[in-house]
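Here's the structure, in structure tokens; my notes come after.
We count ligands from 1, going down the list as the structure has it; atoms in each ligand are counted the same way.
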Amino acid sequence: MYTILTINPGSTSTKIAIFKNENPIFTETVRHSTEEISKYPRIIDQYEFRRDAILKLLEEKGFSISDLDAVVGRGGLLKPIPSGTYEVNDRMIEDLRMSVQGEHASNLGGLIAHEIARTLKIPAYIVDPVVVDELDDIARISGMPELPRVSIFHALNQKAIARKAAMDLGKKYEDLDLIIVHLGGGISVGAHHLGRVIDVNNALNGEGPFSPERTGGLPVLQLVELCYSGKYTKQEMEKKIVGKGGLVAYLGTNSAQEVHDMVKKGDKKAKLVYEAMAYQVAKEIGAMAVVLKGHVDAIVFTGGIAYDDMFLGWIIDRVKFIAPVMKYPGEDEMIALAQGGLRVLKGEEAALTYE
Ligand SMILES: Nc1ncnc2c1ncn2[C@@H]1O[C@H](COP(=O)(O)OP(=O)(O)OP(=O)(O)O)[C@@H](O)[C@H]1O
Ligand SMILES: CCCC(=O)O
């Protein structure tokens with residue numbers, strides 16, 4: 001029996017869980033408000049704050065970390081790599097610290113896992129980081145050769161939910177064409193063709209729908225004008241696109257739940273903006289249906305906002321002609337992390353090496 005600590009830093013929360021093999025014996029989500037997070041200029045600056053929150057919580061709940069056999073973190077913005085479980089190594093630590101592909105909360109997953117594991121002399125792993133890259137070559141062409149499209153999305157949850165949906169459909173993931181829609185602090189819409197994510201909006205760098213904290217795609221020349229207007233520094237512009245974009249920019253909160261309540265209380269602006277987010281998600285689903293040449297076995301919704309039936313209703317109204325809809329609100333990332341670590345601990349799979 002293996003005891004595994006899983007750590008999943010998201011843009012608006014840190015989720016942790018302890019598993020005995022595949023059985024969760026403790027799970028908790030620490031939510032981070034916009035005010036709390038915006039104190040830190042860079043995500044790497046949240047390292048101590050999130051690590052201490054995890055250790056404090058485990059102590060409060062009476063868990064002794066000395067019982068652990070491994071720590072598994074959600075992987076971050078590394079170089080593009082194939083799907084799988086990776087042992088955290090020095091090269092990875094360096095790339096995570098240097099934000100080699102940019103800033104993302106999950107950069108902290110590998111770093112915090114490594115630190116806790118190091119003190120206990122046990123292994124630290126990451127599984128299916130956000131840079132899992134299975135794009136078809138045609139999807140990499142952006143229109144500007146210097147700026148190829150890059151695969152950055154909720155790979156861990158999209159893969160886990162796709163497999164779950166396949167099981168519920170009584171088929172193998174590798175035999176299906178699915179559109180997986182992750183609705184979290186960031187939003188990604190992936191075209192899964194026979195087990196590979198052949199196209200997906202880059203959910204971090206300003207592609208696809210806007211989300212609670214991100215702008216998604218923007219009018220490009222207007223953006224260039226704003227960058228050169230002298231009003232903002234580079235760092236401020238980056239923050240306006242990732243962190244302070246989307247619902248935060250229009251409505252001052254990263255909580256779709258709060259926005260839902262504003263709409264229910266009759267706030268017209270909140271309704272227009274929230275419905276526009278659903279409209280943009282629906283457009284992205286349409287685009288991925290075209291990627292799959294109209295052959296779509298199911299459209300599958302997941303992530304925190306998938307709990308909101310009003311929001312899903314707006315999307316489904318526009319996309320129900322494409323394929324049947326399945327809903328898996330929340331995420332399966334914690335069990336996916338534990339299973340990834342467990343496969344290696346049990347010797348069913350060798351840990352991959354990050355180079
Ligand atoms: N019942 C609900 N109704 C509406 N929105 C909800 C509900 N429950 C959670 N949410 C929203 O889901 C969003 C967070 O989703 P999630 O927890 O999947 O994101 P995250 O893990 O922080 O970030 P990411 O998924 O991008 O890594 C928040 O905006 C939150 O308000
Ligand atoms: C970009 C992948 C993960 C996220 O949006 O938080």
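Note on ligand 1: H32 sits outside its first shell, no heavy atom being nearer than 4.0 Å. Contact between H104 and ligand 1 is absent, with no heavy atom of the residue lying under 4.0 Å from the ligand. For the ligand labelled ligand 1, residue K15 lies inside the 4.0 Å heavy-atom shell.
Every atom of ligand 1 with a heavy atom of Y307 under 4.0 Å away is listed here by number and element: 1 (N), 2 (C), 8 (N). Within the listing of ligand 1, atoms 28 (C), 29 (O) sit less than 4.0 angstrom from a heavy atom of N254. Shown in contact with S13 at under 4.0 Å from a heavy atom are these atoms of ligand 1, numbered in order with element: 21 (O), 22 (O). Listed by number with element, the atoms of ligand 1 under 4.0 Å from a non-hydrogen atom of D308 are 3 (N), 4 (C). Every atom of ligand 1 with a heavy atom of S255 under 4.0 Å away is listed here by number and element: 29 (O), 31 (O). The ligand atoms of ligand 1 that sit less than 4.0 angstrom from a heavy atom of G186 are 26 (O).
Distance alone, capped at 3.5 Å, is enough to place a donor-acceptor pair between the D45 side chain and the R42 backbone. For the pair T85 (side chain) and G340 (backbone), a donor-acceptor distance under 3.5 Å is present.
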Exercise. Output, in order, the C-alpha distance, side-chain angles, deciding distance and verdict of salt bridge (charged side-chain N to carboxylate O under 4.0 Å, His left out) for E236 and K244.
Key: CA-CA 9 Å; E236 283 167 343; K244 293 187 174 171; over 6 Å; no
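Inter-residue side-chain proximity for L183 and D308 is flagged as unmet; no heavy-atom pair is nearer than 4.5 Å. With contacts defined as side-chain heavy-atom distances shorter than 4.5 Å, the pair S151/N202 does not qualify.
Polar contact with ligand 1: present for G185 (N/O pair, distance under 3.5 Å). Geometrically, ligand 2 and R74 share no nitrogen or oxygen pair separated by less than 3.5 Å. Considering backbone and side-chain atoms together, E331 places no N or O closer than 3.5 Å to any N or O of ligand 1. Taking only nitrogen or oxygen atoms, main chain and side chain alike, H182 reaches within less than 3.5 Å of ligand 1.
At a threshold of 4.0 Å, the pair R149-E207 counts as salt-bridged, since one of the basic side-chain nitrogens sits closer than that to a carboxylate oxygen.
No part of E258 comes within 4.0 Å of ligand 1, judged by heavy-atom distances. At a heavy-atom distance under 4.0 Å, no atom of H260 approaches ligand 1. Within the 4.0 Å heavy-atom criterion, the part of R31 lying near ligand 1 is the side chain and not the backbone. Under 4.0 Å from ligand 1, not a single heavy atom of M310 appears. With a 4.0 Å heavy-atom cut-off, ligand 2 is reached by no atom of E213.
By the 30° and 60° cut-offs, the orientation of the rings of F210 relative to Y250 is tilted. Between F63 and F26, the ring planes are tilted. Angles from 30° to 60° get that label.
Less than 6.0 angstrom separates the ring centroid of F311 from the ring centroid of Y274.
Residues K159 and Y173 bring a donor and an acceptor atom of their side chains to less than 3.5 Å of each other.
P9 and G109 make their closest contact through CG-N, 3.5 Å (heavy atoms, listed as atom of the first residue, atom of the second, distance).
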